[in-house]
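Below is one structure; the comments refer to it alone.
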Protein chains: 2
Amino acid sequence: MSTRKDYVRNRGRLIAAAREVFAERGLDATLDDIARHAGVGTGTAYRHFPNKQAVAAVVLADATAQIAADARTALDIADPWAALVTFFELTAARQAADRGLYETLTGHGDAAEQARIWPEIITAVTALFDRARRAGVIRADAEPQDIAAVFALLAPAFEMSRRIAPDLWRRYLALVLDGLRATDRPPLPVPPPPLADLDLVLKAGKGRG
Amino acid sequence: MSTRKDYVRNRGRLIAAAREVFAERGLDATLDDIARHAGVGTGTAYRHFPNKQAVAAVVLADATAQIAADARTALDIADPWAALVTFFELTAARQAADRGLYETLTGHGDAAEQARIWPEIITAVTALFDRARRAGVIRADAEPQDIAAVFALLAPAFEMSRRIAPDLWRRYLALVLDGLRATDRPPLPVPPPPLADLDLVLKAGKGRG
DNA sequence: CGATATCGGAGGCGACATCTCCGTTTCCGC
DNA sequence: GCGGAAACGGAGATGTCGCCTCCGATATCG
């Protein structure tokens, strides 16, 4: 913990660069990439952080916390369905803009970060779902853990958006939300995965077993 | 092209092993994996096939052709919505059982195989969509190219199914189909990607730009 | 049984990401 | 300013991994 000017400056540059690089290229980006983007040497990067995971943890901690906060904030919206839609759209927008973020949320990143953030998200979303169900605006057989699956489904939509049109994800989010809305439709054919298997839900989409 | 007993036997073993290995582990499986699974040496594998892509092409050619055939067959079903649902369920089931297949369809594999099969699929699905739209059972703003996106969205669901419960994908397919069905819902917020960008839709979900 | 096609799998090769080492540069207190 | 400690930079050592080749061993068949 130094106060030297160059040390502080480079630390700031590294974190800013990490934010941009992870957002654009995802968690596979190398620490060398980040160092180059920050305009510092790789040695400097490794002096500031023991490894790539440490940088990712710093950069992504508040991004994930933000998601949970958004879910809690959405409870302030009076209309239960509007609250749910607002939460999904805000969260999806954050993910569409940050590849590292949705990779983290959907299981490609640090398992510890997921284990920390998901229970928080699920708790907040459960409140949103309960309210929506009481109001009869969400299909009765939707469960809070489906949100983890929905985020996983949207990951390819975010990727498409990056390549084709920045807003394309809105189309497929709307499609999924319409499927989630209450109607006279037949019940979903299979129960959701048990909450205890949330980690498995998230790891899906990732390769290797 | 030999008729020696060991040659023919090993070729059969290799193709059978490739089918299993690609289905279970996806296109990232190595030809060495396939050889080991077939109980032959890697040298043998490389004598029968110039490289991994060649094996994949042999193994996946009929699987993808089957999808297109399924779409055409679905046109024989009288009810337009039932035809669409049947096609999706059949195709999704095939993909859920074969990781190599959905990786190929959604852009992780050989670009040539995709370029060959997708126009065929889109043509057949366009007929299904047109009929459904005329009958008013599908939302008017759904386009045939959305099917490529829907398959991409389902890929994570297939992955989950493999890890958690073999039928879990049915839940999320049902959700998406319910979103696709005609109702009094607001139109989708963004147009679908142009047909000309189909290759970009498919490449999404894959890493690196 | 011998000629020849085929087999098997160790290992060469190239690519790639992680992280270290040490000569050079910057900083800051005196 | 000046000197020494702190920090920098980036070449390259290291380890991993997948692709594919080579050649001595083995199987097939006339």
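Proteins come first, then strands; the chains are lettered A, B, ... in the order of their sequence lines, and each starts at number 1.
- Expressed to the nearest 0.5 Å, how far CZ of A:R170 lies from CG of A:L154 amounts to 12.0 Å.
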Could I get a table of every N or O pair under 3.5 Å where one atom is in the protein and the other is in nucleotides 15-18 of chain C?
residue	atom	partner	partner atom	Å
C:dT18	OP1	A:K52	NZ	3.2

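- Rounded to a whole Å, the OH atom of B:Y7 is 15 Å from the C1' atom of C:dT4.
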(message) Pair B:L128, B:W81 - check side-chain contact (heavy atoms from CB on, under 4.5 Å), show working.
(response) CA-CA 9 Å; B:L128 283 171; B:W81 180 252; over 6 Å; no

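- We find the CD1-OH distance between A:I67 and A:Y102 to be 13.5 Å, quoted to the nearest 0.5 Å.
- A donor-acceptor contact closer than 3.5 angstrom links the side chains of A:D146 and B:Y172.
- With rounding to whole Å, B:R9 atom CZ is found 6 Å from D:dT28 atom P.
- Between B:F151 and B:F88, the ring planes lie perpendicular to each other; the angle is over 60°, past the 30° to 60° tilted range.
- One interatomic measurement links the two molecules: CD1 of B:I34 to P of D:dG18, which rounds to 13 Å at whole-angstrom precision.
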Can you tabulate the close N/O pairs, meaning under 3.5 Å, that link protein atoms to atoms of nucleotides 28-30 of chain C?
residue	atom	partner	partner atom	Å
C:dC28	OP1	A:K5	N	2.9

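- Look at A:R47 and you won't find any side-chain N or O under 4.0 angstrom from OP1 or OP2 of D:dG9.
- For the pair B:D33 CG and C:dG9 P, the interatomic distance rounds to 15 Å; values are reported in whole Å.
- For A:R36 and D:dA11, the CZ to C1' distance is 13 Å, given to the nearest whole Å.
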(request) May I have the step-by-step check of side-chain contact (heavy atoms from CB on, under 4.5 Å) for A:L105 and A:I121, ending in yes or no? (result) CA-CA 10 Å; A:L105 287 173; A:I121 295 176; 4.0 Å; yes

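- Residue-to-nucleotide contacts include no donor-acceptor pair under 3.5 Å from the side chain of B:T42 to the base of C:dG8.
- Although no hydrogens or angles enter the test, the distance criterion places no donor-acceptor pair under 3.5 Å between the side chain of A:T126 and the main chain of A:P144.
- Side-chain contact annotation: B:D62 with B:Q66, donor-acceptor N/O pair under 3.5 Å absent.
- Residue A:H48 places none of its side-chain N or O atoms closer than 4.0 Å to OP1 or OP2 of D:dA7.
- Rounding to the nearest 0.5 angstrom, the gap separating the CZ atom in A:R185 from the CG atom in B:D178 is 5.0 Å.
- Inter-axis angle, ends of the helix from C:dC1-D:dG30 to C:dC30-D:dG1, five pairs per end, rounded to 10 degrees: 0°.
- A:N10 has a side-chain polar atom (N or O) that falls below the 4.0 Å cut-off from OP1 or OP2 of D:dC8.
- Remark: aromatic rings of A:H48 and A:Y7 are close, center separation under 6.0 Å.
- Using modelled atom types and a 3.5 Å distance limit, the side chains of A:T64 and A:E113 yield a donor-acceptor pair.
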